[in-house]
> 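Okay, here's the structure, questions in a sec.
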Number of protein chains: 2
Amino acid sequence: MLSFTEENYLKALVELTVFDADSDEVGVNRLATCLEVKPATVSDMVRKLRNKSLVNYEKYGKVSLTSEGRLKGMMVIRRHRLWETFLSSKLGFSWDEVHELAEELEHIHSEKLINRLDEFLDFPEFDPHGDAIPNQKGEILLPFRRTLSEIEVGKRHRISAVRDQTEVLQYMDRIELKINQEVTIEHREAFDGLTTITYGNRTSVVSPKLTENIFVVCAECGKAKCSCK
Amino acid sequence: MLSFTEENYLKALVELTVFDADSDEVGVNRLATCLEVKPATVSDMVRKLRNKSLVNYEKYGKVSLTSEGRLKGMMVIRRHRLWETFLSSKLGFSWDEVHELAEELEHIHSEKLINRLDEFLDFPEFDPHGDAIPNQKGEILLPFRRTLSEIEVGKRHRISAVRDQTEVLQYMDRIELKINQEVTIEHREAFDGLTTITYGNRTSVVSPKLTENIFVVCAECGKAKCSCK
DNA sequence: TATAAAAGTTAGATTAGTCTAACAATTATT
DNA sequence: AATAATTGTTAGACTAATCTAACTTTTATA
Ligand SMILES: [Mn+2]
Ligand SMILES: [Mn+2]
Ligand SMILES: [Mn+2]
Ligand SMILES: [Mn+2]
């Protein structure tokens, strides 16, 4: 049985090498920053995870997940996202409150519990932030993702997901920007990336700090990578 | 914030000094047995809990809860019993499965979560084993309890609660003995305590190992201590 | 390519929770 | 009251997860 700590390392590795898909391996420093511990701590820990066949790693090399490690990490994310969905849809928590609670709940070790919860929630596909929920086998829809900071001016898009960070979510609440809402970029300032967006009957000027955390798809075809005119 | 371990010590102390109410203090050995650790471990730990003002204790003396310790312990039990109720009533787990899962869930630290859960479950008074659920203030109905092994022959009683032990619960399922069922003792063998009981349209011979774990009240007045003829 | 910077490792310390083995205090029994 | 049994404490060791400080390897740059 894995400890909370080991599970958090595997979860972070999935996030760094599967979701943020530039590379399927990652350095010790990067992992340390992400987990908010010192590189020395990570060095020790990845050796331990290698001995359990959960990661590939050798001294001074990069770290990557084995298929077993990837599955274990994916299951932590499945639990996290299902609990977030439960808290939001059944207990009425707002989308900026659920992540912190799910950080604890994700470590409850019972496959039966999580599958029953999945059923109770009617097998949701997405969590409250628009992130896909891995299935029982650890499989997940991994769409190519594009952020509001990358798309061209003038074309209608729809918000599909948001990075799960309290401040982002609370800010979006404040300007009434929601998942599934259609958004158009009116103007993007080359100098500092300040962006004017319209949505519903509103117009807002927002910074890259926000637009980099919002994922969108084409409003017409529903895809992030599309060839609609 | 208390660790899992500290919470388990407080929970055990509530069980030993509040529920099993012969005395409001307990020795190190007893506590050690109950927690399945060695007395040496308990000696260290209770000193630590005393320094946090959660227990009263001095070297070679007995251990008892302070009011703060009692409240903290009671809240662990509140969480445990609410999660058991959730697992049973919403996720369809059987009464012999819920305890083990609740042992993990009881350590999720969020008062807001547990109060929302309470509301979601419609403020249940009892968990699936008939145990009262402490309220938000840590108050609990503490009925005088009498077991099936103690009551007189011939008088009708009703099962109010069962000690939460997997084997007991599974055995009761097997002989179709349920909470709220009316039971009469037909005969109790003085030699070994073997007891013949009737309930519904059945008769069973059961041992003290079972009857000592089943709590009953008078079928007429609903009290454990009654003067009905 | 030589050197500087960045990335990564190791050694030694710390904290929480546990253990065993030896010892000390309290309580029960003759 | 003396002795035995029970109960409880202490010292020293171990594991997991973390840190700091010193050191080494790899990578980037002049
Ligand atoms: Mn989250
Ligand atoms: Mn976590
Ligand atoms: Mn229980
Ligand atoms: Mn527990």
Side-chain angles (χ1 to χ4, degrees), chain A residues 1-13 16-17 20 22-65 69 72-73 76 103-104 106-109, chain B residues 1-13 16-17 20 22-65 69 72-73 76 103-104 106-109:
Chain A
M1 178 125 306
L2 299 177
S3 68
F4 279 31
T5 306
E6 291 170 316
E7 287 193 335
N8 283 337
Y9 276 74
L10 295 178
K11 185 173 68 140
L13 281 164
L16 291 170
T17 67
D20 282 357
D22 358 313
S23 166
D24 66 349
E25 54 179 27
V26 71
V28 165
N29 276 330
R30 180 86 193 285
L31 194 45
T33 309
C34 183
L35 288 162
E36 298 181 270
V37 296
K38 301 294 166 188
T41 310
V42 172
S43 264
D44 278 352
M45 195 61 170
V46 292
R47 197 156 4 88
K48 189 173 141 201
L49 292 172
R50 184 204 47 205
N51 295 339
K52 293 190 175 189
S53 300
L54 296 166
V55 302
N56 308 117
Y57 161 77
E58 53 198 60
K59 212 166 35 153
Y60 293 108
K62 299 283 179 183
V63 187
S64 65
L65 286 164
K72 292 269 168 66
V76 180
E103 284 293 304
E104 291 191 58
E106 74 190 9
H107 301 292
I108 303 289
H109 290 110
Chain B
M1 177 124 310
L2 299 178
S3 68
F4 279 32
T5 306
E6 292 171 317
E7 288 193 335
N8 283 337
Y9 275 74
L10 295 178
K11 184 173 68 139
L13 280 165
L16 291 170
T17 67
D20 282 357
D22 357 313
S23 165
D24 67 348
E25 52 178 29
V26 71
V28 165
N29 275 334
R30 181 86 192 285
L31 194 46
T33 309
C34 183
L35 288 161
E36 298 180 271
V37 297
K38 300 294 166 188
T41 309
V42 173
S43 264
D44 278 352
M45 194 61 172
V46 292
R47 197 154 6 87
K48 189 174 141 202
L49 291 172
R50 184 204 47 204
N51 296 337
K52 294 191 174 187
S53 300
L54 296 166
V55 303
N56 308 116
Y57 161 77
E58 50 198 61
K59 210 167 36 156
Y60 293 108
K62 299 284 179 183
V63 186
S64 66
L65 286 164
K72 293 269 168 64
V76 180
E103 284 293 303
E104 290 192 57
E106 73 190 9
H107 301 292
I108 303 291
H109 291 110

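Chain A is the first sequence line, chain B the second, and so forth, proteins listed ahead of strands; every chain is numbered from 1.
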> Just call it for T41(B): base, sugar-phosphate, or nothing, with non-hydrogen atoms closer than 4.0 Å on any strand.
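Since a base atom lies under 4.0 Å of T41(B), the category is base.
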> Taking OP1 and OP2 of dT18(C), is either one under 4.0 Å from a side-chain nitrogen or oxygen of Y9(B)?
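It does, given that an N or O in the side chain of Y9(B) lies less than 4.0 Å from OP1 or OP2 of dT18(C).
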> Picking from dA21(C), dT9(C), dG8(D), which would you name as closest to the side chain of N29(B)?
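Selected nucleotide: dG8(D).
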> Could you check whether R30(B) gets within reach of a base, just the sugar-phosphate, or nothing at all, counting any heavy atom under 4.0 Å?
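Contact class for R30(B): none.
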> Rounded to the Å, how far apart are M45(B) CE and dT10(D) C1'?
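Distance, rounded to whole Å: 18 Å.
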> Look up atom CG in L16(A) and atom CG in L35(A), then write down how far apart they are to the nearest 0.5 Å.
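The CG atom of L16(A) sits 8.0 Å away from the CG atom of L35(A).
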> Name the orientation class of the two ring planes belonging to F4(A) and F4(B) (parallel below 30°, tilted from 30 to 60°, perpendicular beyond 60°).
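The arrangement is perpendicular - the two ring planes meet at more than 60°.
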> Rounding to a whole Å, what distance do you find between L31(B):CG and dT18(C):P?
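Atom-to-atom, L31(B) to dT18(C), this comes out as 11 Å.
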> Nearest whole angstrom, please: distance from the C1' of dT9(D) to the NZ of K62(B).
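Going from NZ in K62(B) over to C1' in dT9(D) covers 15 Å.
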> Would K72(A) and E6(A) pass as an ion pair if we require N to O under 4.0 Å?
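The answer is no: the pair does not qualify as a salt bridge.
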> Provide, to the nearest angstrom, the distance between the CD atom belonging to E25(B) and the P atom belonging to dT26(C).
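To the nearest whole Å, that distance equals 15 Å.
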> Side chain of D44(A): nearest nucleotide among dG8(C), dT10(C), dT10(D)?
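The answer is dT10(C).
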> With a 6.0 Å cut-off (strictly less than), is the heavy-atom count around NZ of K52(A), excluding the residue itself, greater than 12?
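Enclosed.
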> So does R47(B) get a side-chain nitrogen or oxygen closer than 4.0 Å to the phosphate oxygens (OP1/OP2) of dT9(D)?
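Checking R47(B) against dT9(D): no side-chain N or O falls below 4.0 Å of OP1 or OP2.
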> 5'-most contact on DNA chain D: K38(A) or K59(A), nearest heavy atom basis?
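Counting from the 5' end, the first nearest nucleotide belongs to K38(A).
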> Tell me: CD of E36(A) to P of dT18(D), nearest whole Å?
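Rounded to whole Å, this separation is 12 Å.
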> Over how many whole Å does the gap from N51(A) atom CG to dA16(D) atom P extend?
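So the two atoms are 11 Å apart, to the nearest Å.
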> In whole Å, what is the span from the CD atom of E6(B) to the P atom of dT18(C)?
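Result: 10 Å.
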> Under 4.0 Å between a side-chain N or O of S3(B) and OP1 or OP2 of dA16(C)?
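Negative; the distance criterion is not met.
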> Looking only at the side chain of Y60(A) (C-beta and beyond, no hydrogens), which of the listed nucleotides dT9(D), dT9(C), dT18(C) gets closest?
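Ranking dT9(D), dT9(C), dT18(C) by closest atom to the Y60(A) side chain puts dT9(C) first.
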> Any side-chain donor-acceptor pair under 3.5 Å between S64(A) and N56(A)?
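Judged by distance alone, the side chains do pair up.
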> Side chain of S43(B), heavy atoms from C-beta onward: which of dT10(D), dT9(D), dT18(C) has the nearest atom to it?
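Closest nucleotide to the S43(B) side chain: dT9(D).
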